[in-house]
Amino acid sequence: MSANNNQTRFLLSANDIPTQYYNINADSGLPPAPVISPATNKPVTPDELNVLFPMELIMQEVSTERYIDIPEEVMEMYKLYRPTPLIRARRFEKALGTPAHIYFKYEGASPSGSHKLNTAIPQAFYNKQAGTVAMTTETGAGQWGSALSMACQFFDLDLEVYMVSASYYQKPYRRILMETFGAQCFPSPSPRTEAGRAILAQDPKSPGSLGIAISEAVEVAAKSNGAKKYGLGSVLHHVLIHQSIIGEEAIKQMDLAGEYPDVVIGCVGGGSNFAGIAFPFLRENLVNGRKTRFVAVEPTATPSITRGLYDFDYGDSVGMTPIVKMHTLGHDFIPAPIHAGGLRYHGMAPTLSALCEAGLVEAIAIPQVEVFEAGVLFARSEGIVPAPESNHAVRGAMIEALKAKESGEEKVIVFNLSGHGHFDLAAYEAYFANNLEDYAYPDEKISTIKAGLPVVEDF
Ligand SMILES: Cc1ncc(COP(=O)(O)O)c(C=O)c1O
């Protein structure tokens, strides 16, 4: 079957929502590096992790099962917005004058505005099931905080969100969305925690960072005697597992389109939406001999995969979280104020880092002005205004489409449009006013990363 019948949207019914999550660790042949406890400097025990996470999520973190059943209660919630559409960007193709076929999976169709709800729902569910009363979390751009606020509301859990201060003031409407779903939202660093007070003592005007906000949310959960647990919106393996439903749906939708991707692209902050779309297709490479390429796109301001070290580091700024082996710019990294708030993180998902090191996934870094240029062209062609984070994927797809134009090849490109940008219009305003700056992370900073990393035995 050929895709040349002018069809644009490839839609599945509620019966096609995947009933199982996919776990790439069953097929990658890459044994996960141990996770190290910051307290003992030895591999962390499930009991230590249980202070922060319910046991079911800890078991998923280390699972080697290929498939994990999605609980019925979670399926009910997924039916509110899944399956999300797969759309052929015919007008964008035309604008680029490319012979490539460009498809995007539209995760901005979720009620909270991004893919983050895919993991917020099961995280809230497993917490409720384990008797958790309240959750804590951080948020950068506000997408994760909004998603977890909605999920906690649906499962009747309280939620405290520590929002990176710069975003808190730039994006009041994200905060109001979280409050509408019943969460409490605080600018981070805040005076509510020891971690926040320590940072404020050094710099009362600190703009915050994801790493600092994580320290605050982890501290509150760790000191709650088990009443509160912490939820992370990316990086951890269980989050990547939950996001696999994106790629599982996309495989069925590409089947409807009668095509198969030559290349799959996504933006990367902590790696979860990219993993979500890519890993099920990567399974098809590993198990069924497909030859798809995978391209992770990061900002030049936070180039963790392309220029960071692959080493053990903390997940947060203060050094309270477990130490994991990942691509890192150092946990004390303070990001440049680029508008893709969700990509301003020092580390990368260990699972994705290992796949990059093994050469199974490629990575590129792009400066923000050309990222917005691509996003605006996409918006004007397809009518969807992407989140600044997602614009990195749009630009990645555009680069591949222009290469196809030059070589005259009819390449099939699939990218994940991880969220809409309706709360990010200030970033677009800055772009139109020529007020966006490109940032390249300085070489001197790269050369000092190693000195700041925790010392652990290399297991
Ligand atoms: C819309 C959107 N896309 C992408 C990301 C990056 O996160 P991840 O790499 O985990 O998908 C974020 C993070 O906040 C986001 O809000």
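Read the numbers this way: they start at 1 and go in the same order the structure lists the ligands and their atoms. This chain uses plain numbering: 1 for the first residue, then up along the sequence. This one's a predicted model, so the numbers in the text were calculated from it and none came from an experiment.
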Enquirer: Using a 3.5 Å cut-off and no angle test, enumerate the donor-acceptor pairs between side-chain atoms of residues 431-439 and protein atoms at least two apart in sequence or in another chain.
Expert:
unit_1	atom_1	unit_2	atom_2	d
D438	OD1	Q368	N	3.1
D438	OD1	V369	N	2.9

Enquirer: Give me the pairs of N or O atoms, one from ligand 1 and one from the protein, that sit under 3.5 Å apart.
Expert:
unit_1	atom_1	unit_2	atom_2	d
ligand 1	3 (N)	S418	OG	2.7
ligand 1	7 (O)	K116	NZ	3.3
ligand 1	9 (O)	G269	N	2.7
ligand 1	9 (O)	G270	N	3.1
ligand 1	9 (O)	G271	N	2.8
ligand 1	9 (O)	S272	N	3.4
ligand 1	10 (O)	K116	NZ	3.4
ligand 1	10 (O)	S234	OG	2.4
ligand 1	10 (O)	S272	N	3.0
ligand 1	10 (O)	S272	OG	2.7
ligand 1	11 (O)	H115	NE2	3.0
ligand 1	11 (O)	S272	OG	3.3
ligand 1	11 (O)	N273	N	2.8
ligand 1	11 (O)	N273	ND2	2.7

Enquirer: Quick test of your reading of the model: are R293 and E362 salt-bridged, counting only N-O distances below 4.0 Å?
Expert: yes

Enquirer: Of all residues at least two apart in sequence or in a different chain, which pass the salt bridge (charged side-chain N to carboxylate O under 4.0 Å, His left out) check with E248?
Expert: R283

Enquirer: On the ring face of F281, is R290 found with NZ or CZ under 6.0 Å from the centre and within 45° of the axis?
Expert: no

Enquirer: Cationic tip of R66 within the cone over Y22's six-membered ring, i.e. under 6.0 Å and within 45° of the normal?
Expert: no

Enquirer: Holding to ring-ring contact (aromatic ring centres under 6.0 Å, His included), I want the full list of residues that pass it with H238, two or more places apart in sequence or in another chain.
Expert: F53, H242

